[in-house]
Amino acid sequence: HAFVGQHGDPAVYYTRWDGMAWSRLTVVLKVPDLAASAPAVVSGPDNQLILLARSNSGSLYVSRTNSADALTASSWSTLARVPVAQDGRISQGDVNWDSAGVIYIAYSVAVNEGRGVYLTTSHDGGRTWSEALQVFDAVAAGFEVVGSPTLLVAGNGQVHVMWERESAPVDGVAQ
């Protein structure tokens with residue numbers, strides 16, 4: 001499975017490898033607020049795919065489908081906005097889930113007050129979400145900028161989150 005988002009394009013494109021060739025690139029979702037940047041996807045119980053995309057306005061959206069039906073746009077659930085702390089100022093997130101079907105999303109608030117790494121969960125397939133929990137306080141740790149996190153839920157249920165320490169951009173490039 002491969003998912004693509006393009007700068008300035010609200011569409012999330014999908015293709016899959018059948019062992020011989022890639023399928024045609026197909027629009028499967030359109031994210032509100034202009035662009036679907038860097039979609040994250042995870043495969044889980046019962047061959048379900050969960051896709052997480054960030055909009056230009058800094059909101060996170062999630063959708064799911066059965067992997068066998070992923071090429072059909074109508075098979076994807078309606079995009080649901082994930083409530084997040086510091087809406088509008090967040091990084092691209094990462095998504096994963098455990099063997100019990102609990103969905104986890106990690107994201108960061110890169111700069112300013114409240115900067116840090118946050119985690120939210122859903123126990124009902126993404127219909128409702130927990131209040132975002134700050135799992136790393138970048139202000140207290142002295143981080144100028146926090147990079148986008150990567151999330152892994154191990155087979156034993158342990159949640160692992162990684163992120164980068166960055167400094168303020170110099171000539172437009174984060175250090």
Side-chain angles (χ1 to χ4, degrees), residues 1-84 87-108 110 117-129 146-155 159-164 166 172-174:
H1 302 281
F3 295 85
V4 179
Q6 298 184 75
H7 182 69
D9 185 347
V12 174
Y13 297 84
Y14 170 76
T15 183
R16 77 168 150 229
W17 179 256
D18 67 6
M20 301 281 291
W22 287 97
S23 65
R24 64 183 167 72
L25 201 58
T26 304
V27 174
V28 291
L29 292 167
K30 291 204 176 188
V31 176
D33 306 326
L34 301 178
S37 61
V41 67
V42 66
S43 176
D46 300 323
N47 294 317
Q48 292 289 304
L49 295 175
I50 296 181
L51 181 131
L52 177 70
R54 181 184 175 276
S55 70
N56 271 355
S57 65
S59 297
L60 292 177
Y61 293 90
V62 68
S63 181
R64 67 189 299 165
T65 190
N66 184 287
S67 63
D69 301 324
L71 276 169
T72 307
S74 62
S75 75
W76 287 86
S77 66
T78 302
L79 277 171
R81 191 166 168 268
V82 178
V84 295
D87 199 27
R89 297 188 308 153
I90 64 168
S91 70
Q92 173 58 36
D94 199 9
V95 61
N96 212 311
W97 57 4
D98 65 20
S99 59
V102 177
I103 304 168
Y104 297 81
I105 292 176
Y107 62 91
S108 68
V117 177
Y118 293 81
L119 185 70
T120 185
T121 59
S122 175
H123 293 263
D124 60 8
R127 288 181 287 284
T128 61
W129 294 91
V146 181
S148 298
T150 301
L151 172 66
L152 171 73
V153 180
V159 177
H160 303 271
V161 184
M162 292 182 1
W163 57 91
E164 291 182 341
E166 298 176 359
V173 178

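These numbers were taken from a predicted model, which means no experiment stands behind them.
- Using a 30° and 60° split on the angle between ring planes, Phe3 and Tyr14 fall in the tilted class, from 30° to 60°.
- How far CG of Leu60 is from CD of Gln92: 6.5 Å, rounded to the nearest 0.5 Å.
- A pairwise comparison of heavy atoms in Ala70 and Val28 identifies O-CG1, 3.2 Å as the closest pair.
- Note that CG of Asp69 and CH2 of Trp76 are 10.0 Å apart. Values are rounded to the nearest 0.5 Å.
- Atom CZ of Arg54 sits about 6.5 Å away from atom CD1 of Ile90, to the nearest 0.5 Å.
- Under the 4.5 Å side-chain criterion, counting only non-hydrogen atoms from C-beta, His1 is not in contact with Ser43.
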Evaluate the side-chain hydrogen bond (donor to acceptor under 3.5 Å, both in side chains) criterion for residues Ser77 and Ser63: first the C-alpha distance (whole Å), next the side-chain angles of each, then the deciding distance (0.1 Å), finally the verdict. CA-CA 5 Å; Ser77 66; Ser63 181; 3.2 Å; yes

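- Contact record, Gly126 with Ala80: O-CB, 4.4 Å, taken as the closest heavy-atom pair.
- Considering every non-hydrogen atom in both Gly147 and Trp163, the closest pair reads O-CB, 3.9 Å.
- A side-chain donor from one of Ser23 and Thr15 sits under 3.5 Å from a side-chain acceptor of the other.
- Proximity of Leu119 to Leu151: side-chain heavy atoms (C-beta onward) are separated by under 4.5 Å at one or more points.
- At least one donor-acceptor pair under 3.5 Å links the side chain of Thr65 to the backbone N or O of Ser75.
- When side chains are defined from C-beta on, Arg24 counts as touching Thr26, because their heavy atoms get closer than 4.5 Å.
- In this structure, the side chains of Asp98 and Tyr104 come closer than 4.5 Å at one or more pairs of heavy atoms.
- Residues Ala11 and Tyr13 approach most closely at CB-CE1, 3.7 Å, considering heavy atoms.
- In plain terms, the two heavy atoms of Ser108 and Pro149 that are nearest each other are N-CD, 3.7 Å.
- Not a single donor-acceptor pair under 3.5 Å links the side chain of Ser148 to the backbone N or O of Ser91.
- By the 6.0 Å contact criterion, CG on Asp18 is enclosed, its count of non-hydrogen atoms from other residues, nucleotides or ligands being greater than 12.
- At distances below 3.5 Å, not a single donor-acceptor pair connects side-chain atoms of Thr121 with backbone N or O atoms of Ile103.
- To the nearest 0.5 Å, atoms CG (Asn96) and CG (Leu152) are separated by 6.0 Å.
- Counting heavy atoms from C-beta on, the side chains of Trp129 and Val84 never come closer than 4.5 Å.
- Between Glu166 and Val146, every side-chain heavy-atom pair lies at or beyond the 4.5 Å cut-off.
- Remark: the backbone N or O of Ala68 is paired with a side-chain donor or acceptor of Asn66 at under 3.5 angstrom.
- Counting only distance, with no hydrogens or angles, the side chain of Ser67 and the backbone of Leu49 share no donor-acceptor pair below 3.5 Å.
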